[in-house]
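The next block holds one structure in the form of structure tokens; read it before the comments.
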Amino acid sequence: MSKAHRGTGIRKEANHGRGTCPVCNKSGVKVLYDQEVDGKKVKICKVCKAALKNKAQKDARLAKKAAAAEAPAAEAPAEA
């Protein structure tokens, strides 16, 4: 059976949601995801959205690891 409901959300969009991604400059891709880039809300492609999300997660992990590394060093008494 066919799935008539698939893609109905993007049929209303101009050019069926396709365009040029402002982040990676690929043309003819679906630009459906709203994201804030350089202080502006723009629609980006799926690949760029995932890349930005992964970068944010990586930065958060590094910050958490750096904070954990500093905490025991600050609490340890100095022996001299």
Side-chain angles (χ1 to χ4, degrees):
M1 280 181 85
S2 67
K3 309 290 187 205
H5 62 281
R6 293 188 181 176
T8 56
I10 63 172
R11 288 183 193 154
K12 300 172 197 164
E13 303 262 338
N15 205 17
H16 294 280
R18 293 190 178 268
T20 303
C21 178
V23 177
C24 62
N25 294 323
K26 287 184 184 176
S27 61
V29 295
K30 293 179 188 172
V31 286
L32 303 173
Y33 304 95
D34 290 321
Q35 188 73 26
E36 189 170 327
V37 177
D38 296 332
K40 293 188 252 178
K41 278 247 187 203
V42 294
K43 289 191 176 245
I44 61 174
C45 67
K46 185 177 184 177
V47 175
C48 292
K49 180 174 172 67
L52 290 173
K53 183 178 177 183
N54 288 336
K55 184 178 184 276
Q57 287 178 344
K58 184 178 179 183
D59 292 343
R61 279 194 309 263
L62 289 175
K64 185 177 178 182
K65 195 179 282 187
E70 281 187 20
E75 293 174 5
E79 294 181 32

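- Residues Ser27 and Thr20 approach most closely at CB-OG1, 3.7 Å, considering heavy atoms.
- Considering SG of Cys21 and CD of Gln35, their distance stands at 10.5 Å, rounded to 0.5 Å.
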Exercise for review: Evaluate side chain to side chain contact (heavy atoms under 4.5 Å, CB included) for Lys49 paired with Lys53, printing each intermediate quantity in order.
Suggested key: CA-CA 6 Å; Lys49 180 174 172 67; Lys53 183 178 177 183; 5.6 Å; no
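- Environment of CG in Asp34: crowded, with over 12 heavy atoms of neighbouring residues, nucleotides or ligands closer than 6.0 Å.
- Two different hydrophobic clusters hold Leu32 and Val29 under the rule that ILVMFWY side chains link at heavy-atom gaps under 4.5 Å.
- One distance of note links NZ of Lys30 with CD1 of Ile44; it measures 15.5 Å at 0.5 Å rounding.
- Tyr33 and Ile10 fall within a single hydrophobic cluster, where Ile, Leu, Val, Met, Phe, Trp and Tyr side chains are chained together by heavy-atom contacts under 4.5 Å.
- How far CZ of Arg61 is from CG of Asp59: 9.5 Å, rounded to the nearest 0.5 Å.
- Across every non-hydrogen atom of Lys43 and Pro22, the tightest pair is O-CD, 3.3 Å.
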